[in-house]
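These notes are about the structure you will find just below.
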There are 2 protein chains.
Amino acid sequence: MIKIGDFARLTQVSIVTLRYYDEMDLLKPVRVDSFTGYRFYSVEQLPRLNRILALKDLGFSLDQIKLMLADGLAVEQLRAMLTLQKSEVEKRLSEESERLQRIESRLRQIEMENKMPNYDVVIKNAPAMLVASCRMTIPTNDQVPQYLGPAFDELYDYIRKHNAKDTSPCFALWHSPSDVYENEDVEAIVPIDRQIKEAGRIKIYELPITQVASVVHQGNFEDFTQGHAALLEWIDANGYKIVGPYREIYIKFNHQNLADTTTEIQFAVEKA
Amino acid sequence: MIKIGDFARLTQVSIVTLRYYDEMDLLKPVRVDSFTGYRFYSVEQLPRLNRILALKDLGFSLDQIKLMLADGLAVEQLRAMLTLQKSEVEKRLSEESERLQRIESRLRQIEMENKMPNYDVVIKNAPAMLVASCRMTIPTNDQVPQYLGPAFDELYDYIRKHNAKDTSPCFALWHSPSDVYENEDVEAIVPIDRQIKEAGRIKIYELPITQVASVVHQGNFEDFTQGHAALLEWIDANGYKIVGPYREIYIKFNHQNLADTTTEIQFAVEKA
DNA sequence: TATACACCCTCAGGTGAGGTGAGAGTCAAG
DNA sequence: CTTGACTCTCACCTCACCTGAGGGTGTATA
């Protein structure tokens with residue numbers, strides 16, 4: 001019979017933890033004095049406690065450990081739990097190593113520019129949505145506004161006429177690679193709230209969910225290339241690769257004042 | 001002015017999280033209606049939120065992020081925080097990879113024996129303690145009991161006579177390498193609660209804190225070699241190396257019934 | 001026998017980064 | 001005026017413990 005303090009010293013496990021394991025039914029004292037409530041342990045409990053600690057060291061939760069210590073658990077189940085745990089640790093491992101990569105890349109940027117970078121790249125999922133779209137070929141890059149403006153007007157007119165509504169900001173999709181500046185294959189898109197029929201060059205379809213790397217650009221359209229470049233650099237430095245079209249989301253657009261503009265730019269990416 | 005739900009959709013951050021960031025003073029809505037309590041955000045807040053998300057992705061806590069977003073923070077401090085974070089991620093990375101190693105080693109063991117291994121190895125710190133010790137050379141391995149028994153008797157007699165008390169179970173330290181079975185250099189040790197003077201072959205000193213790999217053996221002394229072997233195997237399979245003496249801690253010893261015995265065996269180790 | 005001191009108990013509350021659910025108020029469209 | 005979508009606050013949950021308050025227990029010493 002060993003008092004909790006001595007057992008704690010013996011095993012190098014804190015008294016609080018031992019009481020917690022008691023409460024969780026993981027390791028019950030062999031005897032609890034019904035008058036004083038004192039817990040008494042025995043050396044025979046050392047192997048069980050050590051198994052608990054060893055499994056905790058493998059990253060299992062206390063609930064899982066309780067399961068694994070239950071009698072009558074088949075070896076097969078044990079093996080399955082270990083295999084599962086192995087894959088989870090592998091996942092965490094790769095997450096941490098990507099994190100490390102991101103930190104190092106940001107440190108390099110700070111070394112070079114001697115300030116916090118202007119753009120923060122975020123990985124997120126562009127949700128699936130129903131859209132009205134209008135796809136076209138634009139001869140030269142500087143004609144993009146002349147082509148996109150009317151296309152969006154046409155789309156908004158069309159969906160209003162068909163009693164649908166836009167659910168979020170409109171955007172453009174570049175299907176051409178990002179280093180092509182002639183005869184670009186561009187799609188003007190407005191997300192809408194209900195299925196309507198197609199007409200002429202206006203198509204209605206469900207855009208699937210897509211993982212994207214994104215940055216937000218504020219201010220003049222002309223500085224756009226900076227954000228664009230920062231995003232491409234980040235994608236490259238952090239081990240992603242571009243797997244789909246480039247999006248420009250017109251979150252806030254002010255005809256009067258082009259400097260008062262907010263645009264999100266995104267590339268569909270995957271881990272390389 | 002954007003309502004919280006739209007802002008959440010736009011940024012792919014949950015409403016609950018946005019409210020939490022408001023409460024934490026990380027990202028305050030630009031306006032809160034004083035009557036309804038409705039929060040209103042603006043597109044100008046997107047870059048700040050994206051910076052928060054990017055830093056969170058680097059593994060920083062919200063408190064740290066708040067610091068990093070405060071104006072007037074020098075680039076030097078930023079760099080320092082990133083460097084610190086880098087080393088912490090590196091630590092976590094190596095912890096996870098050791099964890100993975102341990103899981104794999106246990107899986108291999110299960111494959112081989114088709115059951116959960118009998119011994120669980122635990123890494124812990126043997127605490128620093130004041131001890132009375134008696135070191136000797138034992139000619140052959142089978143004479144160990146004949147030498148250790150009287151030595152412990154002598155030690156317990158001595159400390160009782162000098163008004164000290166033992167604070168935890170006695171143990172033996174093997175200073176010879178574990179593959180030597182002749183003229184072994186062994187030290188019998190009893191931890192005591194106060195400084196007393198030395199006499200003859202009895203030495204009093206402070207044993208320093210030591211990292212050890214340990215297993216508990218229950219039952220017959222003869223099966224001892226199994227635990228011993230399991231421990232050595234584990235140390236090898238998990239990337240540790242032995243850096244100090246081998247300990248045998250006599251947690252429970254029963255002269256009448258040698259099968260009713262609990263012993264902890266430990267090797268001083270370090271990560272290889 | 002009084003007291004000092006080391007132990008032990010339970011219970012409440014905290015950690016981080018949100019998630020869940022209840023109950024109630026707000027807003028726009030039909 | 002009702003419906004349905006949206007928003008608010010508040011309280012409680014997660015996990016593996018840790019901290020502290022307030023009080024009881026056990027043993028050695030003055």
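A, B, ... follow the sequence lines: proteins, then strands. Residue 1 opens every chain.
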Legend entry - 4.5 Å side-chain heavy-atom contact, R51(B) and L69(B): yes
Legend entry - Distance, rounded to the nearest Å, where R194(A) contributes CZ and dA5(D) contributes P: 13 Å
Legend entry - Residue pair R99(A), E96(A): steps toward the salt bridge (charged side-chain N to carboxylate O under 4.0 Å, His left out) verdict: CA-CA 5 Å; R99(A) 204 188 300 285; E96(A) 290 293 334; 3.5 Å; yes
Legend entry - Short side-chain N/O contact to dT7(D) OP1/OP2 from R39(B), under 4.0 Å: no
Inset, instruction - Starting at atom NZ of K66(A), determine the distance to atom P of dC15(D), rounded to an integer number of angstrom. - result: 11 Å
Legend entry - Contacting residues from residues 9-31 of chain A, given that a heavy atom lies under 4.0 angstrom of DNA chain D: S14(A), V16(A), T17(A), Y20(A), Y21(A)
Inset, instruction - Hey, which sits more toward the 5' end of DNA chain C by its nearest nucleotide, K3(B) or D63(B)? - result: D63(B)
Inset, instruction - Indicate yes or no: does R79(B) engage E76(B) in a salt bridge with an N to O separation below 4.0 Å. - result: yes
Legend entry - R19(A)/D22(A) salt bridge by N-O under 4.0 Å criterion: no
Inset, instruction - Output yes when R9(B) and D6(B) qualify as a salt bridge under the 4.0 Å nitrogen-oxygen rule, no when they do not. - result: yes
Legend entry - Interatomic distance, D33(B) CG vs dG25(C) P [rounded to whole Å]: 16 Å
Legend entry - Value in whole Å for how far the C1' atom of dG26(D) lies from CD1 of I2(A): 18 Å
Legend entry - First encountered from the 5' end of DNA chain C, between F60(B) and T36(B): F60(B)
Legend entry - Between C1' of dT27(D) and CG of D193(B), the distance in whole Å: 14 Å
Legend entry - Between dC9(C) (P) and F7(A) (CZ): distance, integer Å: 13 Å
Legend entry - Minimum-distance nucleotide (side-chain atoms of F35(B) versus dT25(D), dA17(C), dT26(C)): dT26(C)
Legend entry - Side chain of Y38(A) - closest among dT25(D), dC27(C), dT9(D): dT25(D)
Legend entry - Donor-acceptor contact present, side-chain R31(B) to main-chain S42(B), <3.5 Å: no
Legend entry - Integer-rounded Å distance: dC17(D) P and I4(A) CD1: 14 Å
Legend entry - Most 5' of G37(B) and S61(A) on DNA chain D, judged by nearest nucleotide: G37(B)
Legend entry - Reported CG-to-CG distance for the pair D120(B) and L46(A), which is rounded to 0.5 angstrom: 12.0 Å
Inset, instruction - Indicate whether OP1 or OP2 belonging to dT27(D) is found under 4.0 Å from a side-chain N or O atom of K165(B). - result: no
Inset, instruction - Starting from C1' on dA16(D), measure out to CD on Q64(A) and report it in whole angstrom. - result: 14 Å
Inset, instruction - With DNA chain D as reference, determine whether L62(A) or F40(B) sits nearer its 5' end, using the nearest nucleotide of each. - result: F40(B)
